[in-house]
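First up is the structure itself, then whatever we jot down about it.
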Amino acid sequence: MHAPKRSIGLIDCNNFYASCERVFRPDLNHQPIIVLSNNDGCAVSRSNEAKALGIKMGVPLFKISDLVREHGVHVFSSNYPLYADMSNRVMAILREYSPVQEVYSIDECFLDLTGFHDIDQRARQIRDRVFRETSISVCIGIGASPTLSKLSNFVAKRHPRSQGVFNFNLLNNKQQESVLKNIPVEEIWGIGRQLTKALDVIGIQTALQLRTADISSMRKRFGIVMEKTVRELRGEACIELTESAPAKQQIITSRSFGQPVTEIEELQDALAHFISTSARKLRAQHSCAALLQVFIMTDRFREDQPQYCPSLALPLMTPTASSMTLQRYAVAALAAMFRPGYCYKKAGVILSEIFPETQFQGDMFAGAPDDPSLMATLDQINARFGKGTLKLSQDGSRRSWQMRQDRKSPEYTTNWAELPVCR
DNA sequence: TCTCCGATTAGAC
DNA sequence: CTAACGGTCTAATCGGAGA
């Protein structure tokens with residue numbers, strides 16, 4: 001007896017960040033748009049028109065400035081509060097269509113559609129409803145495994161004839177083969193640049209060739225991940241959907257600076273801010289951390305300048321989630337590492353060795369532990385009155401290090417103060 | 001020789 | 001005018017240290 005064939009759906013928003021920007025700027029429909037990464041560095045989302053101009057994913061803005069000027073490409077800084085809010089709206093709608101949802105990233109989610117009647121029809125309903133209620137268009141791929149659902153999503157995106165929905169399960173073997181033959185291996189989930197190169201060496205270039213490769217020799221040569229990928233291509237679901245995200249094992253906050261930083265005070269201010277962000281995330285998942293790592297670095301692209309990229313790991317005797325305690329350690333680490341005379345371009349903090357907070361509460365022999373109620377109060381006030389209402393004195397008084405965001409749209413859906421006013 | 005651990009690699013978005 | 005290239009996260013694997 002083998003398991004009945006499953007129908008996994010993968011719903012992916014089209015050009016998500018660019019689409020979010022267009023929801024509130026309908027005048028930009030049919031115009032080329034790009035959205036930039038942090039610090040206005042690289043293009044990370046492009047409307048179809050921008051793709052048609054040849055703007056590649058991840059290209060730095062300065063390399064396409066001519067193209068942008070000549071074709072009047074509309075350029076936006078990333079507006080995460082807006083994208084996160086739009087994402088929540090889309091995901092809430094999708095959740096209504098299956099008892100099993102895994103939100104995989106800000107713009108895509110898996111739905112287990114196994115057992116539903118007329119799945120194609122249901123997928124089209126989902127797509128129409130999401131567009132009607134959010135103005136975001138999505139494509140839906142369906143397959144017997146998560147890998148096949150991703151692959152089907154790729155087909156749905158690439159072929160307009162599919163009208164945004166492609167169900168691999170409806171194909172006979174001959175049709176499956178002709179689809180897989182036309183998909184290059186690098187489009188398969190889990191096959192990145194390095195594996196593509198290594199597979200090419202042994203003559204595997206298409207999804208069909210990978211599906212028919214010998215499992216045990218693929219495993220021996222490439223490891224367990226590859227074995228699962230091959231099995232999934234054959235319709236055997238090896239990757240389980242996980243509905244609730246497990247607590248993070250590691251929390252990183254790091255940023256490139258808007259301009260080079262030379263003074264220790266500015267780095268201190270930035271690190272204090274990064275600690276606040278990380279510690280808040282830590283408390284939100286009811287954890288505490290036993291290891292703090294701090295790093296600062298110069299600009300690796302400036303080969304003409306001296307480079308210095310120190311980092312320091314501080315094991316914490318008592319695990320903590322207190323912003324104050326962590327800030328003190330971070331400042332001490334910085335003092336130990338800092339060397340004057342360098343142009344620093346980036347810094348960050350890493351919290352790891354993360355445990356549930358309860359595990360370390362009420363140890364009366366550990367000396368004076370951090371008082372969690374102080375941080376809880378701070379979090380509550382900020383939740384009620386807005387991010388940054390109350391913060392510690394180290395954090396964020398100096399702004400020279402902040403990232404560039406010259407072209408950010410208003411936070412239309414989450415901030416009254418940024419709503420454009422009609423007059 | 002086996003096991004554990006930190007560092008490195010690869011991938012996703 | 002110039003200079004300008006992102007941020008988080010996980011899992012697997014590797015290689016050395018210590019049992």
Side-chain angles (χ1 to χ4, degrees), chain A residues 10 12-18 34-46 55-66 68 75 77-78 80 83-84 87 102-110 146-147 150 153-154 185-199 219-229 238-240 242 245-260 270 274 277-278 281-282 285 291 293 295 297-305 311 313 315 343 345-354 402-407:
Chain A
L10 186 274
D12 190 310
C13 301
N14 299 340
N15 313 331
F16 184 56
Y17 296 173
I34 61 174
V35 179
L36 302 175
S37 62
N38 274 342
N39 217 24
D40 289 349
C42 306
V44 293
S45 180
R46 307 153 293 155
I55 296 175
K56 295 275 185 284
M57 180 66 177
V59 70
L61 178 60
F62 74 88
K63 290 192 177 175
I64 51 171
S65 48
D66 292 345
V68 165
V75 180
S77 304
S78 346
Y80 279 103
Y83 312 148
S87 173
E102 175 179 343
V103 176
Y104 180 72
S105 76
I106 194 166
D107 76 330
E108 65 189 284
C109 91
F110 291 101
T147 301
K150 297 262 306 182
N153 191 280
F154 173 77
V185 268
E186 64 258 38
E187 301 298 341
I188 297 171
W189 194 32
I191 308 295
R193 261 209 309 272
Q194 306 304 319
L195 284 174
T196 299
K197 233 188 294 170
L199 286 169
R219 155 143 207 181
K220 209 176 293 165
R221 194 172 172 126
F222 297 102
I224 181 117
V225 178
M226 180 65 85
E227 175 179 348
K228 284 189 180 175
T229 299
C238 303
I239 301 170
E240 275 314 309
T242 52
K248 304 228 178 305
Q249 303 172 23
Q250 175 175 247
I251 294 172
I252 304 179
T253 307
S254 72
R255 286 286 178 286
S256 296
F257 302 136
Q259 38 187 107
F274 300 158
T277 304
S278 290
K281 289 187 185 171
L282 194 60
Q285 64 168 37
L291 184 67
Q293 288 164 269
F295 65 88
M297 55 203 299
T298 47
D299 187 345
R300 69 183 194 285
F301 292 104
R302 291 297 300 268
E303 290 169 18
D304 55 320
Q305 292 183 353
S311 81
C343 291
K345 192 64 201 311
K346 181 175 176 175
V349 302
I350 305 173
L351 298 176
S352 53
E353 291 183 24
I354 289 176
Q402 282 208 320
M403 66 180 177
R404 268 218 306 280
Q405 271 197 315
D406 297 338
R407 319 169 198 234

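Order of the sequence lines sets the chain letters (A, B, ...), proteins ahead of strands, with each chain counted from 1. Values in this document were obtained by computation on a predicted structure and should not be read as measured data.
Expressed to the nearest 0.5 Å, how far CD of A:Glu102 lies from CD of A:Glu240 amounts to 10.0 Å.
Under the side chain to side chain donor-acceptor pair (under 3.5 Å) criterion, A:Asp304 pairs with A:Arg302, sequence neighbours left out. Legend: residues meeting salt bridge (Lys or Arg N to Asp or Glu O under 4.0 Å) with A:Lys150, ordered by chain and number and at least two apart, are A:Glu108.
The partner of C:dA3 is absent, by the rule that a Watson-Crick or G-U pair needs both atom distances under 3.5 Å.
Nucleic acid contact for A:Leu195: sugar-phosphate only, since backbone atoms but no base atoms lie under 4.0 Å from a heavy atom of the residue. Counting non-hydrogen atoms under 4.0 angstrom, A:Ile350 reaches nothing in the nucleic acid.
Ring geometry for A:Trp189 versus A:Phe110: interplanar angle of 30 to 60°, hence tilted.
Between A:Arg404 and A:Gly258, the closest heavy-atom pair is NH1-O, 3.4 Å.
Taking the C1' atom of each, B:dA12 and C:dG6 are spaced 14 Å apart, rounded to whole Å.
A distance-only check finds a donor-acceptor pair linking the side chain of A:Gln285 to the backbone of A:Lys248 [under 3.5 Å]. In this structure, A:Asn39 contributes its side chain and A:Met403 its backbone to no donor-acceptor pair below 3.5 Å. At least one donor-acceptor pair closer than 3.5 Å links the side chain of A:Arg46 to the backbone N or O of A:Ile55.
Residues A:Ser254 and A:Phe295 meet the side-chain proximity criterion, which asks for heavy atoms closer than 4.5 Å.
Summary of helix geometry: the two end axes of the helix from B:dT1-C:dA19 to B:dC13-C:dG7, each defined by five base pairs via their C1' atoms, are inclined to each other by 10° (rounded to 10°).
Put simply, chain A comes within 4.0 Å of DNA chain B, heavy atom to any atom, from B:dA10 to B:dC13, going 5' to 3'.
Residue pairs that meet the side chain to side chain donor-acceptor pair (under 3.5 Å) test with at least one member in residues 55-65 of chain A, sequence neighbours left out, do not exist here.
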Quick one: what's the B/S/- string for nucleotides 3-16 of chain C, heavy-atom cutoff under 4.0 Å, read 5' to 3'?
-> SBBSSSSBSSS---
